[in-house]
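The chains referred to below are lettered A, B, ... by the order of the sequence lines, with proteins before strands, and numbering in each begins at 1.
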Amino acid sequence: MLEKTYQPSEIEGRIYKSWEDEGCFAAGAGATGENAETFSIVIPPPNVTGSLHMGHALNNTLQDILVRFERMRGKDVLWQPGTDHAGIATQMVVERQLAESQQPDRHALGRDAFITKIWEWKAESGDTITNQLKRLGASCDWSRDRFTMDEGLSDAVLKTFVQLYNDGLIYKDKRLVNWDPEFRTAISDLEVENIEVDGHMWHFKYPLADGETYEYVEKDADGNETLRETRDYISIATTRPETMLGDGAVAVHPSDERYAPIVGKLCEIPVGPKEHRRFIPIITDDYPDPEFGSGAVKITGAHDFNDYEVARRGNIPMYRLMDEVADMRDDGVPYAEASKLAMELVEAGGEPDRTYVDTINLVPDEYRGLDRFTARKRVVADCDAEGLMIKVEDKKVMQPFGDRSRVVIEPMLTDQWFCNAEELAKPAISAVENDDTKFFPKNWEKTYFEWMRNIQPWCISRQLWWGHQIPAWYGPDGEIFVAESEADARAAAEETHGAGVELTRDPDVLDTWFSSALWPFSTLGWPEQTPELARYYPTSVLITGFDIIFFWVARMMMFGLHTMKDETGAPQIPFNDVYIHALVRDEDGKKMSKSEGNVIDPVDLIQGIGIDDLVAKRTTGLRKPEIAPTVAKETRKRYPDGFDAYGADALRFTLAVMAAMGRDIKLSVDRVAGYRNFGTKLWNASRFAQMNECATSEDFDPASAHHVINRWIIGATAETAGEVTRALEAYRYNDAADAIYRFTWHTYCDWYVELIKPLLNGSDEDAKVETRKTAAWALDHVLKLLHPFMPFITEELWDKLAEHGRDRPRRLMLSSWPALEGLSSDDASAEVDWVIALVTEIRSVRSEMNVPAGTKIPLELIDPSREVMRRIDRHTDTIERLARLDEMTPVDEPSKGAAQIVVGETTMALPLAGVMDVDTEAERLRKEITKHQSEIAKIGKKLSNAQFLEKAPDHVVAEQKSRQTDAEALVAKLEEALARIESMA
RNA sequence: GGGACCAUAGCUCAGCGGGAGAGCGCUCGCCUCACACGCGAGAGGUCGCUGGUUCAAUCCCAGCUGGUCCCACCA
């Protein structure tokens, strides 16, 4: 016998182990045969050293639901799991650990020793996330678990890199990139987060060379002069004064008449030792906006993306001012000499080949070695002291931050590897345009197109140690040899240099997303032509969050289409569908984040956590430690008792039912509790079945059930199975979850179980036997339909409820999905709906008239039809039990002082003389009548509209007419009832 | 500046061209022989505003208001 309540913690681990031990997760498990249709999903690989957060829980729940659904449908299913090496994130964690334990940092350790440390950390913590996914119930084929730095996947990376290099789609270049001074590496545009911060805009005078002057004239829109003065300077505005040191020119718009007199002349950069000041030309370019600031822009090609483009157009020299930690450079020749070299460039009229970016250090000696922000203060102070600062304004400025390091990103001109994304994007755009790959919901396609059509070169090199080292070797003259192995590179090098040539490998590693981009085929064995690759590629659907559409989805599309070809040589998409789900937020709609202290850890919801532990967890790791008391108070207020052990099923169901397409999920712990209760409800319905010896029987044929109540539940089960199936096929998780929830609780438990109690305790043996079988059959179907959402409790009940046999395999997860077309029965549902309506009406009146719940009362049927009497006879025990009646008798006229109800075409009366107040009852009837009359009026207005009759479809008109007829009949009955009551008053 | 999304019950959200729904919360009554993590009965909404299309608009279109997010960005 089942325990009284379901205890998830006792059961989940045991069930999961059975599935694993029995090979239920293996690719193809449960498939109907050799020719079964395939269904494959690759998991979005979590960071190998990470731990499960609510986003993972949602993502993997949605995948598992589909995978379990399709597996039960008999498809050949593969859910490919794996983890990502997460370059920066992992290296960061290990570096922090070294610092915390006061060990030598990575530079002191050296590259090999440091990487060994990371592998150790991976070995130590790498199982965490996998085990957490298992607790969630994820039915991945763990035997195929992959890691982006596995040998096979590393081969895939090498091969792809070499191939793209040979195709001319990967190249090395010196370009302006986003530099993260904390991690001392380049990062891609996507890893930069622009945040508005309080800043300043400083206005400085750049004096003209040789004391020259000009007439500065400003005019308004009508051409009237508003200002005229003689100036010996040009006014420059900047938010980053420290970059003045690297200016190569001052640019004005060609149409800007204010500065026309001085275009081509030189002006002085007003910083540094006076005797060695540099002069730079005033040039024209379309970039400056005459309406903004002074209309004149300083051009610092090596430290600003817009300036970089201007400098390239105009051959303006670019000078790197900072080192790898973004401190002002402290290398090379003294400033005086560097400044002289720079002046030579000006005299030469520019610098087309950017040779001096690194060799000339234009940082004045007294600023060398300062960090950027100190240097800024010094430059401002020095200019101000010289009287060259015109003004300073407070201004909101957008500042770029590293998404992981949280430090200000510095644009830096460095040598990096790039991928020609523009070229790779072309087929990736067409594939979506042609619907070869479809997004759900579709509006994400627009986001995808928007980004892909404006895509920039992708910087793929990182100056990190943890990752795939770039397979490029440099020869003695700096030539590049790109090859899959050092031996191949050497062979190529020896062709020109002869044997024994010295080669050095490029120390950089690849962006983590480079290997992720290969995930759909690298995990299936590529570059080997494995059977799995042939069978499961392209994958069926990718399920992921919108936040990595650019990082990951777009790049998989690009690399997949470029690399994978079918038998005819046509490019192959990596996945047919892309389902984009929302973010999981906290109850207030805020993004969950450790530094805010509002994280809800999925594992805590699954296994429970006490309030003290919860508070402790939320108050450690806050970005602002001073808010800890507030966080603690809020947490205690909101969750006074912490979290119960709600179990994985409850969490999964909550996420599924809230996962309506295209909307963020505000996770509510109350709802998780609600669906835990739902599990208990199912558990108790099963106990009921068990106590009443309801067992499935292989000889039971639902199509041949006789009893109307049984035929009704069979039809409703079939209908629900259809709803759930259709919803899941369309990725409408919430509709599917909702349908099975409603059926389980409100149809099966609330009505069916109550309706059959008299049958199970009655004397009709045939009915009893059939009902037991039907109850078990319907419950089995509930378990099946619910299994993808709540795998643990359903599997446990499947195991406990009946013997296993031909139609009832040992494991629910490998049983067959219900296909019940053609089992509906309209006549049964009409009759049962009538019984339900009758019981509901009686209960309602009893409650309104305050009849004590324990009191049994009689029911009078006024002039009932034969059909009504037949129904009453068939369901006497049931109706009396559910409505708490002691007898039901046909009468011609109701007793005096009886409350009257109308069910279908029959008026019935509940004699409540002495209990019931006549006026109250009259009032109740009048209210009822008014309600229906207003409906009749509404419909009447429609039906008297000639336009409506003419233009509306026939079935709509017919429906309105029948509604009108029904309502009129009901009102007539109610009015009769009211007349009887009034005659008594 | 470009783009996407949202506004429906107290809260969180479904829905959708022809009869306003769920969960939670709330009120009232019940320890009714599966379940108090429960049972029964209720209260509660001019479906953001203004126009338009239509026989018919909560739903489609336009504008407005308020909010969220993404991308880009003026030195």
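- Of the candidates B:A4, B:A41, B:A75, the closest approach to any side-chain atom of A:T840 belongs to B:A41.
- Closest to the A:N443 side chain, of the nucleotides B:C35, B:C55, B:C5, is B:C5.
- Comparing B:C73, B:G18, B:G23 by their nearest atom to the side chain of A:N306 picks out B:C73.
- Scanning atom types as modelled, no donor and acceptor separated by under 3.5 angstrom connect the side chain of A:Q456 and the base of B:A72.
- Put simply, A:W745 has a side-chain N or O that comes within less than 4.0 Å of OP1 or OP2 on B:C39.
- Between A:F653 and A:Y741, the ring planes are tilted. Angles from 30° to 60° get that label.
- Dashed line: the shortest gap from a side-chain N or O of A:R676 to OP1 or OP2 of B:C37 is not under 4.0 Å.
- With hydrogens and angles ignored, no donor-acceptor pair under 3.5 angstrom links the side chain of A:R687 to the base of B:C35.
- Under the Watson-Crick or G-U wobble criterion, with both distances below 3.5 Å, B:C60 is paired with B:G52.
- When distances run from any side-chain atom of A:D289 to the nucleotides B:C74, B:A72, B:A34, the shortest one goes to B:C74.
- Checking the phosphate oxygens (OP1, OP2) of B:G38, a side-chain nitrogen or oxygen of A:N677 falls inside 4.0 Å.
- Within 4.0 Å of A:G199, counting heavy atoms only, lies no atom of the nucleic acid at all.
- An OP1 or OP2 oxygen of B:G42 is reached within less than 4.0 angstrom by a side-chain nitrogen or oxygen of A:S844.
- Comparing B:C35, B:G3, B:C33 against the side chain of A:N684 picks out B:C35 as the nearest.
- Between A:K757 and B:A34, a side-chain N or O to OP1/OP2 separation shorter than 4.0 Å is present.
- At a threshold of 4.0 angstrom between heavy atoms, the contacts of A:T447 with the nucleic acid are absent.
- At a threshold of 4.0 angstrom between heavy atoms, the contacts of A:M691 are confined to the sugar-phosphate backbone, with no base atom among them.
- In this pair, A:F678 and A:Y675 present their aromatic rings perpendicular. The plane angle is above 60°, beyond the 30 to 60° band.
- Classified by interplanar angle (parallel below 30°, tilted 30° to 60°, perpendicular above 60°), the ring pair A:F546/A:W444 is parallel.
- A close approach under 4.0 Å does not occur between any side-chain nitrogen or oxygen of A:K298 and OP1 or OP2 of B:A75.
- Under the Watson-Crick or G-U wobble criterion, with both distances below 3.5 Å, B:U68 is paired with B:A4.
- Nucleotides B:G52 and B:C59, compared at atom P, are 14 Å apart to the nearest Å.
- Computed from coordinates, the A:L949 CG to B:U54 P distance equals 19 Å when rounded to whole Å.
- For A:D750, taking side-chain heavy atoms from C-beta onward, the closest of the listed nucleotides B:C39, B:A75, B:A41 is B:C39.
- The phosphate of B:A75 has OP1 or OP2 within less than 4.0 Å of a side-chain N or O from A:K395.
- Aromatic ring centres of A:F440 and A:Y579 lie farther apart than the 6.0 Å criterion allows.
- Among the protein residues, A:S294 comes within range of no part of the nucleic acid, since none of its heavy atoms lies under 4.0 Å from any strand.
- A sub-4.0 Å separation between OP1 or OP2 of B:G40 and a side-chain N or O of A:H746 is absent.
- Dashed line: the shortest gap from a side-chain N or O of A:K666 to OP1 or OP2 of B:C11 is not under 4.0 Å.
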